[in-house]
Structure formats: structure tokens, C-alpha cells
Amino acid sequence: MNSIQNCLIKKSSTITPIWLMRQAGRYLPEFRKIRKSNPNFIKLCLNSNLSSEITLQPMRRFDLDAAIIFSDILMVPYGLGQTVEFKKNRGPVLSSFNMNKFMNNTEIQFTNKLKPIYDAIKKTRKKLNKKKSLISFVGSTWTLIVYMLGLKKEKNVLDIKKLKKKSSEINLILKNINYFLTIHIKNQINAGADVVQIFDSWAGLIPNKKLEEYCYIPNKKLVDFVKNNKTPVICFPKGLKKKYRSFLDIVRPDGLNIDYNIDPEWARKNLEGTCLQGGMNPKILLTNKKKIIEEATKYLKIFKDSPYIFNLGHGMLPEINPNNVETLIQCVKEYK
Ligand code: CP3
């Protein structure tokens, strides 16, 4: 059992392991070099040699306890027939959702389309030190719906008119996507992933009266599936504020990533009973050595006697200097 699994399964608090969301990405010059000659992001995710190489890049530089497979939550909508483009300053843009096309998908077609991801996991597991975890992931139902139906306006607010207009599409996806998400999870576990993280990045946009239906129930279905496959599972329902408590009560994941708006003291007192992960604002990594050590030590102190995996409250930013990441990891590793 590696240190991440130990924390998630045995709830051990003797050491604090560390990995970072988006640890493979644009802040690394070696990533930018590969990215420059691979302008199509989806194609890059489907190049198993390159995606495995990118997954391993941060592992060579830093003493991280887990690698996370280089892929994207939008590979599932892609596997189900939507095209996915990344437009500068606009984020991902998907082709319009077609109910008939969506309903005609089969397990075999879907798995074949995403096969390079599973190959990349196999290749990475072979090269990765046994003491290191290999994390795979999926986007949760609601967050995928937001992208599949384009429900977000600029500035990250929900387009309420569209939400109402698209209710039949929302219900269709809610009812049917779980099947494909569980296939994707199972394929990743079979390929060698030993932890699964479920990203519900836009959980904070869900109207209160829909939280149960759009967030808790779909996340619980995925968590139960991963647990039934004897694999630890971490949830990241970003933006839920105090509702993190109800999420934990209902969904019961092995690990729960808190975002940077959650007060860590509140989390320690109110989110007991699971292994917590993350929290520190990624913007701290844009400052200096002193501030990074101060802020990381704050989290380490607060979670000293409870099961905790060090991570951030959201993904790494492209502007972060890799030397600051080194400072952070050293601080976590040397903390007693
Ligand atoms: O964490 C890792 O290192 C593993 C790889 C990973 C990526 N995306 C690679 C990526 C993971 C775990 C994700 C998850 C993901 N993707 C989420 C959930 C986490 C979160 O950020 O809330 C979401 C919402 C997405 C959808 C997505 N993909 C967005 C919003 C973007 C950024 C668009 C932009 O222009 O910045 C992507 C692209 C993406 N996914 C990049 C990377 C490294 C940047 C690609 C590039 O331009 O080089």
C-alpha cells in the first residue's frame, strides 16, 4: 500500500503525502515544449506515449507521492460524440449536444475511442515507482452537463434561462451518463489506476433546491461504484461552502478535497470522518518562499493529527514558478 492509499483507506495520519492538481501542465517548460508541437489538446490526450510522458514529467522533477494521468474530464463528452475545442480566454467549447447521437453510443465504441487513455495508464504504471500512486479521474455528472450544454456564461455564472430551456437534455444526461462514466472508471482501474478522483468543479453553481438531484445523488452513485471496485475514491465538489458537510454525510467518499474558500479550521472540526485533501490557494505559489512556507505550515499544523493529503484548493496556475513548487514540497516533506 502506498502513502496516499494508506491515508485514504487506513486513515493513517503519521505522514502527510503530497500531490498537486494540474501538476502536469503549462507551468512546466518541458510540458510547454511538447504542447507547442501538439496544438490539438484532445489529440495530445489520445497520444498514449506523450500523455504518459507528460504524466511523468512532474514526477522526475519533484518528490510527489502520486502521479495523475494526463487527460481531461472532457474526454468523456468527446468519447460520446461531441467535439471539444479550447479557445484562448474562453475555456473549452463543445459542439452542440445531440440527444439522438448521445443515445446511440455503445460501450464498445466509447471504450475504443478512449483506448489511448487506458494504454497511457498501463505505460505509466510500468514506469512509475511502486511507492507512488497513479490517480485517474472523471468529471462528475453536473460539471460535465455544464460543458456539454454550455450552461455557463462568461464570468462563471450559470445561464438560468438556458438551464430552464434545456431541462429535457439535462434529464437525459443525468439519467444516462452514469453508465459511461462507470465504464471509463472501470477501464482506468483495469489499466492500473489505484485511486480515482471525481471532479465536480461547478457544484457551487447548483441552485439549492437541485443540490440533491444534480450533485449528491450522481456523486454518490459514482463513489459507490468505485468502492465496489475496491479502489479508494476522492471527491472534489468545488464551491459547496458549508454544504461540504451534507455532501460528506450523503456521498461518503474515502477522501474529500476542500477548495480555497473553505476555512481549514472549520473543515477539521466539521468534516471529520474522512481523509481531507488540499485547500491551500494556488495563488500562494505566485508569492515568495516565506509566504509559501507560512501558508503550507498553517495547513500542516491544523491537520497534523488527522488523515490529510497535501494538495491545493484548485489546480496549478500556468504562471507558477517550478522553484516555488519545490519549496512547497520540501516544506511538506520536512514537516514534523
Ligand atoms: O491534474 C493534472 O495534472 C491531470 C490533468 C488534468 C487536466 N484537466 C489537464 C488539462 C485534469 C485532472 C483536468 C481536469 C479538468 N478539466 C477539470 C476539473 C478540475 C478543474 O480545473 O476544475 C475541468 C473543469 C477541466 C476542463 C478544462 N480542461 C478546462 C477548464 C481547461 C482549461 C482551459 C484553458 O484554456 O486554460 C482544460 C484544458 C486543460 N486540461 C489543460 C490541462 C493541462 C490546459 C491545456 C493547455 O492549453 O495546455
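First listed ligand is number 1; within each ligand, the first listed atom is number 1. Given the structure is predicted, the values throughout are model-derived calculations rather than measurements.
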So the atoms of ligand 1 within less than 4.0 Å of a heavy atom of F70 turn out to be 43 (C)
Test salt bridge (Lys or Arg N to Asp or Glu O under 4.0 Å) applied to E53 and R60, K33, K127, the passing residue: R60
Within reach of ligand 1, part of F236 (heavy-atom separation under 4.0 Å): neither
Of all protein heavy atoms, the one nearest atom 10 (C) of ligand 1 is F41 CZ, 3.4 Å
What about the rings of H184 and F137, do their centers lie closer together than 6.0 Å? no
Give the atom numbers and elements of ligand 1 that come within less than 4.0 Å of a heavy atom of P92. 27 (C), 29 (C), 30 (C)
Side chains of R61 and Q57 in contact at under 4.5 Å (non-hydrogen atoms): no
Could you identify the single nearest non-hydrogen protein atom to atom 13 (C) of ligand 1 and state the distance to 0.1 Å? R22 NE, 3.7 Å
Do any heavy atoms of I69 fall under 4.0 Å from ligand 1? yes
Honestly, for H314 the part within reach of ligand 1 (heavy atoms, under 4.0 Å) is side chain
Salt bridge or not for E213 and K210, using N-O below 4.0 Å? yes
Is there a nitrogen or oxygen of S201 sitting under 3.5 Å from a nitrogen or oxygen of ligand 1? yes
In the protein, what heavy atom is nearest to atom 25 (C) of ligand 1, and what distance, to one decimal place, separates them? I73 CG1, 3.5 Å
side-chain contact (heavy atoms from CB on, under 4.5 Å) partner of L144, chosen from V138, I173, L94, I177: I177
Which ligand 1 atoms are under 4.0 Å away from a heavy-atom of F199? 12 (C), 18 (C), 19 (C)
Just need the protein heavy atom nearest to atom 40 (N) of ligand 1, so name the residue and atom and give the distance. D72 OD2, 2.7 Å
Does ligand 1 have any atom sitting under 4.0 Å from a heavy atom of F31? yes
Compute the minimum heavy-atom distance from S71 to ligand 1 and say whether it is under 4.0 Å. yes
Taking the ring of F70 and the ring of F41, is the distance between their centroids below 6.0 Å? yes
Is L240 close to L211 at the side-chain level, that is, under 4.5 Å between some pair of heavy atoms? yes
Got a salt bridge between D263 and K241, using NZ or NE/NH1/NH2 to carboxylate O under 4.0 Å? no
Residue and atom name of the nearest protein heavy atom (relative to atom 46 (C) of ligand 1), distance in Å to one decimal: R35 NE, 3.1 Å
What is the ring orientation for Y299 with F310, classed by angle as parallel under 30°, tilted 30 to 60°, or perpendicular over 60°? perpendicular
Under 3.5 Å between some N or O of ligand 1 and some N or O of A24? yes
Look at atom 36 (O) of ligand 1 and find which of R26, M316, Q23, M21 reaches it with the closest heavy atom. R26
Ring-plane angle category for F247 and Y216, please: parallel below 30°, perpendicular beyond 60°, tilted otherwise. perpendicular
Side chains of K162 and L149, heavy atoms from C-beta outward: is any pair under 4.5 Å? no
Taking only Lys NZ, Arg NE, NH1 and NH2, and the carboxylate oxygens of Asp or Glu, determine whether D65 and K333 approach each other closer than 4.0 Å. yes
Give the residue and atom name of whichever protein heavy atom lies nearest to atom 11 (C) of ligand 1, and the separation in Å to one decimal. F137 CZ, 3.6 Å
If you scan protein heavy atoms around atom 37 (C) of ligand 1, the nearest is F86 CE2, 3.2 Å
I need the nearest protein heavy-atom contact for atom 30 (C) of ligand 1: residue, atom name and distance, please. Y147 OH, 3.6 Å
